[in-house]
Amino acid sequence: SLEFTSFALNSGSTFPNVTLPDFEYKATQAMKLSGAGNIVYNPLVTPETRAGWEAYSVENGGRWLQAGMEFEAARKNDTDRLLKDEPIEDLASFFATGFARAIYTADLYGNFLIRRDDLPLYYPGWQHVPPYFPLINMDFYDIAAFREDFTAITTSRQAVLSKIWDLPSDNSPYVQSLLPVFEELGLDASSPLMYILYPVHDTLGKARGEMVGIVTVFVN
């Protein structure tokens, strides 16, 4: 999480409009060292910063996602995956006309819903490894499985360790609907899952300043 803060300070970037260069390399190295299966960065977006964030994500999403897909395909020597996951050459245009141009959620029936403007905060998905299109601008704060822990870290501004999620024994329709997503994210849906939430602050040092985002590390 310190990488985001350090880059923002040294580049003059202002949260939430921050994209970490070479994220796929840095995150993959961290995954190797920690045994994690997936890493996701969620900026904290407020009603006041939402319009600027959504415009920023449309302009910048295609760049890092393209790099992440190429990196993942090369890492796995999997050109078929690259071709399958890249049906549109101009990713920036795709985001501009697709659901990811706005912060959204999904109901149990798979319908995409634009998040209301009167909510106090949002945690849209941004950079992550391995890359997966639907996570872009999906509001993690509205996902029932994460809401309690995202609320806890927002309040405490301290790292939060989740409970162990026993995916194989949870037959609820909600969890079953998430299993294909977990598999796309490189996680083993046949094994228990847990995650650690790390806060991202706008300054370094003991004071740390305001919390401006969350890095989620998934392990199973």
Side-chain angles (χ1 to χ4, degrees), residues 1-31 33-34 36 38-65 67-68 92 95 100-105 115-129 131-132 135-143 146-162 195-219:
S1 62
L2 294 178
E3 290 272 4
F4 283 94
T5 306
S6 177
F7 170 72
L9 292 173
N10 284 283
S11 65
S13 303
T14 302
F15 287 103
N17 301 350
V18 173
T19 301
L20 186 64
D22 303 317
F23 174 84
E24 59 276 7
Y25 290 91
K26 296 169 182 175
T28 299
Q29 183 63 24
M31 288 162 60
L33 294 174
S34 64
N38 184 271
I39 295 179
V40 181
Y41 168 59
N42 301 81
L44 191 163
V45 176
T46 65
E48 292 74 24
T49 60
R50 179 175 181 174
W53 162 256
E54 291 176 340
Y56 174 85
S57 68
V58 168
E59 182 177 353
N60 293 275
R63 297 188 181 96
W64 71 257
L65 188 55
F95 285 130
R101 63 187 167 82
I103 298 173
Y104 81 105
T105 188
R115 295 292 276 150
R116 305 194 324 259
D117 291 328
D118 59 347
L119 299 172
L121 56 84
Y122 314 87
Y123 280 112
W126 189 229
Q127 291 181 280
H128 56 279
V129 170
Y132 181 54
L135 286 195
I136 304 295
N137 275 334
M138 175 181 283
D139 187 7
F140 277 47
Y141 198 62
D142 192 53
I143 299 175
F146 303 140
R147 188 178 300 123
E148 181 178 350
D149 290 328
F150 270 62
T151 299
I153 191 174
T154 302
T155 302
S156 69
R157 302 197 304 168
Q158 301 291 327
V160 171
L161 178 66
S162 77
Y195 56 84
I196 307 170
L197 304 180
Y198 294 98
V200 177
H201 296 91
D202 62 356
T203 59
L204 298 171
K206 293 183 178 180
R208 292 292 179 89
E210 296 296 323
M211 198 183 91
V212 291
I214 297 172
V215 171
T216 305
V217 179
F218 291 91
V219 182

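In this chain, numbering begins with 1 at the start of the sequence shown.
Considering all non-hydrogen atoms of both residues, Pro21 and Lys26 come closest at O-NZ, 3.2 Å. Heavy-atom minimum distance, Leu9 versus Thr203: CD1-CA, 4.3 Å. Heavy atoms only, all atoms of each residue included: Ser57 and Glu54 are closest at OG-O, 2.9 Å.
Looking only at side-chain heavy atoms (C-beta outward), Phe15 and Leu44 stay at 4.5 Å or farther from each other.
If you take CE on Met31 and CD1 on Ile39, they are separated by 6.0 Å, rounding to the nearest 0.5 Å. Put simply, CG on Asn137 and CH2 on Trp126 are 7.0 Å apart, with the number rounded to the nearest 0.5 Å. For the atom pair CD1 (Ile153) and CG (Leu161), the distance works out to 11.5 Å, reported to the nearest 0.5 Å. The CD atom of Glu24 sits 10.0 Å away from atom CG of Leu65, with the distance rounded to the nearest 0.5 Å.
Of the listed residues (Val18, Val40, Thr19), just one forms a side-chain contact (heavy atoms from CB on, under 4.5 Å) with Gln127, and that residue is Thr19. Considering Thr154, Ile143, Val45, Ile103 as possible partners of Tyr123, the one that fulfils the side-chain contact (heavy atoms from CB on, under 4.5 Å) test is Thr154. Evaluated for a ring-ring contact (aromatic ring centres under 6.0 Å, His included) with His128, the options Phe140, Phe218, Phe23, Trp64 yield exactly one hit, Trp64.
Distance alone, capped at 3.5 Å, is enough to place a donor-acceptor pair between the Thr5 side chain and the His201 backbone. Side-chain atoms of Thr155 come within 3.5 Å of backbone N or O of Thr151 as a donor-acceptor pair. Judged by distance alone, the side chain of Asp202 and the main-chain N or O of Glu210 form a donor-acceptor pair under 3.5 Å. With Asn42 contributing its side chain and Val215 its backbone, the two residues share no donor-acceptor pair below 3.5 Å. With Arg115 contributing its side chain and Asp142 its backbone, the two residues share no donor-acceptor pair below 3.5 Å.
Note on ring orientation: taking the six-membered ring where Trp is involved, the planes of Tyr41 and Phe4 are parallel (angle under 30°, cut-offs 30° and 60°).
Proximity of the aromatic rings of Tyr122 and Tyr141 is defined here by a centroid distance below 6.0 angstrom, and this criterion is not met. Aromatic pair Tyr195/Phe146: centroids less than 6.0 angstrom apart.
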task = For the pair Ser162 and Asp149, evaluate side chain to side chain donor-acceptor pair (under 3.5 Å) and give the outcome as yes or no after the intermediate values.
result = CA-CA 7 Å; Ser162 77; Asp149 290 328; 4.9 Å; no
